[in-house]
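Below, chains carry the letters A, B, ... as their sequence lines are ordered, and counting in each starts from 1.
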There are 2 protein chains.
Amino acid sequence: MPRITPERREAKRAHIMAAARRCFSRDGFHQTSMPDIAAEAGVSAGAPYRYFASKEEIILAIAADAFRLIFDPVEQLAAAADAPSVADLVAAALAALSVETVADSAGRPVPVDELLRCAVQTWSEVLRDDAVRSRALEGFESVRRSIADALCRGQTAGVVPLAMEPERGARMVMGLLHGLLLQRAAFDLTEMTGFDEDIRILLEGTERPGASSR
Amino acid sequence: MPRITPERREAKRAHIMAAARRCFSRDGFHQTSMPDIAAEAGVSAGAPYRYFASKEEIILAIAADAFRLIFDPVEQLAAAADAPSVADLVAAALAALSVETVADSAGRPVPVDELLRCAVQTWSEVLRDDAVRSRALEGFESVRRSIADALCRGQTAGVVPLAMEPERGARMVMGLLHGLLLQRAAFDLTEMTGFDEDIRILLEGTERPGASSR
DNA sequence: CTCCAACGTAAATGTTCATTCATCTTGACG
DNA sequence: CGTCAAGATGAATGAACATTTACGTTGGAG
C-alpha cells in the first residue's frame, strides 16, 4: 500500500485540524473559508479534502474535540471524587477553565482559549445541525450523569443536602460551568481566582481555612 | 412629505424584524439569506433594504433586542428588590426564562424561545463582530452591576454573606442564568419548576415553607 | 532501484448570496 | 382629487465560496 504511513497521515490530519481551530477561533465557523484553512495550514486549497469529506466534517471534528477536551477532566473528577460537596464539584470544574493548554489524545498541547471560543460557536450549531446536536447532547448528558451520581454519593456521605434533587443540581453545576465558560470566552472574565472560595462561602456558610486557590 | 406615516414605517420595520427573528431562530444567522427574510415577511427581495442598511444591521438589531428583552426584567428586579438574598436573585432570573412570551417596546408579544435561540447565536457574533461585542458587553456589565449592587444591599441587610465578593457573586449569578438559558435553548431543559427551591436549599440550608414555584 | 497508488496542487466549476437599480405603485399633503 | 417623493418590486450584478478535477509529485513496498 504505497500511500503514506499511518502516523504521517494522522499527524497531517491533526495539523489541518489545528489550523482550522485557529481560523475558527479567530473568525468563526462561517466566516472561515476552506481556502482560509488550507492557507493557515500551509497547504493547497484541495488538500483538506484528502482528510475531511467536507467543511461540515471539520466543524464536527473540532466541536467534538472542544467539548471533550474541556469536559473530560470535569467528568473524570466527578467520577473519581469520593463524596464531593457541590462546592467541590464546582471548584473542580472551574479549575478546568483556568489552565492555559490541555493535551489532545496524542499529547499535543491545545490552547484552552481556542477551545472555549470554538465551544461557544458550537452552541449555535447545536441549534440547527442534527449531527452536531446529537453528539453535543450525548456529551452533555454524560457529564451531567457523572455529576448527578457524584451528588448522590455526596448525599449518602452527608455533604450534600438530601432535599436537593440531584438531576436539577447537576443541571445547575453544568449551567454555572457553561456560564463562566461563556464569560471567559466572550465577556472578559480574566481573573479566575476566588470563585472557589466564594462558592464555598455561599454553599457552606463558612470560609475554608486551608484554601485550595491554586 | 408624502412618504409613509411614521407609525406605518415603524410597524413595517417591526414586521420585517419579526420575520428575521423567526428565520434566525430556525436556521441561524448565516444560513438565513436576505431573500429568505424578505420571503418570510412577504415582501420583495429589495424591501428590507429600505429599513436596514445591511444584513449586519438586522443581526445587530435582533441581538440587541434579544439581550434586552431577556435581561431587562432581571435588571429591574435586581434594582427594585429591597435586600435580596442570592437565592432571591437567581429565582427571579430563572423566572424570566420560564415565560412563553414577552412584550417588546411597542407591546407586541415576542416568543421567548425565539429570543433564547437568537441570544445563543449572538454569543458567537460577540467573538468576532466589534459592533455586536460592544453592545453585548455594555448590556452584560449593566446587568452585572445591578446584581452586584443588589448583593451589596443584601450584605448590609445580613442576608448575603459578608465574606463573598459581590463582583464575583454577580458573575456567578449571571453565569448560572446564561448556563440555564443555554440549556433551555439547546440542551432540552423543558421543566423549569423546582430550581428555585433547590437553590434555596443549597444556599440557605433550609427549604422555604411558603414556596414560590413558578 | 523502480514503480505506482496515493498525495498534493491550483485552476476550474457551478452555485449562492448580498446588494443595487431601473421601473412601477402608492398614499398623504395641498 | 391630483401630484410626486418615497415605497416597493424583482431582475441584474459581481463577488465569494465549497467542492471537483486534471495533472504533476513522492514515498515506501517489493
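Following rounding to the nearest Å, B:I16 (CD1) and D:dG7 (P) show an atom-to-atom distance of 11 Å. Computed from coordinates, the B:Y49 OH to C:dC17 P distance equals 12 Å when rounded to whole Å.
Among residues two or more places apart in sequence or in another chain, the side-chain hydrogen bond (donor to acceptor under 3.5 Å, both in side chains) test is passed with A:T32 by none. Remark: A:S54 engages no residue in a side-chain hydrogen bond (donor to acceptor under 3.5 Å, both in side chains) (not counting sequence neighbours).
Annotation: of the two residues near DNA chain C, B:G46 and B:R8, the 5′-most nearest-nucleotide partner is B:G46. Mapping B:T5 and B:A45 onto DNA chain C by nearest heavy atom places B:A45 closer to the 5' end of the strand.
Under the 4.0 Å criterion applied to side-chain N and carboxylate O atoms, B:E114 and B:R117 are not assigned as salt-bridge partners. With salt bridges taken as basic N to acidic carboxylate O contacts below 4.0 Å, none links A:R133 and A:D130. Using a 4.0 Å cut-off between charged side-chain N and carboxylate O, B:R184 and B:D113 make no salt bridge.
A sub-4.0 Å separation between OP1 or OP2 of C:dC7 and a side-chain N or O of A:K12 is absent.
Under 3.5 Å, the side chains of A:D149 and A:S146 contain no donor-acceptor pair of N or O atoms.
Heavy-atom distances under 4.0 Å link DNA chain D to no residue of residues 24-42 of chain B. Of the residues in residues 50-58 of chain B, B:S54, B:K55 come within less than 4.0 Å of DNA chain C through at least one heavy atom, sorted by number.
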Just list the side-chain donor-acceptor pairs under 3.5 Å for residues 174-182 of chain A, sequence neighbours left out, or say none.
none

If you look only at distance, which donor and acceptor atoms sit under 3.5 Å apart when one is on a side chain in residues 8-15 of chain A and the other is two or more places apart or in another chain?
from: A:R9; atom 1: NH2; to: A:R50; atom 2: O; distance (Å): 2.8
from: A:R13; atom 1: NH1; to: A:Y51; atom 2: O; distance (Å): 3.2
from: A:H15; atom 1: NE2; to: A:A41; atom 2: O; distance (Å): 2.8

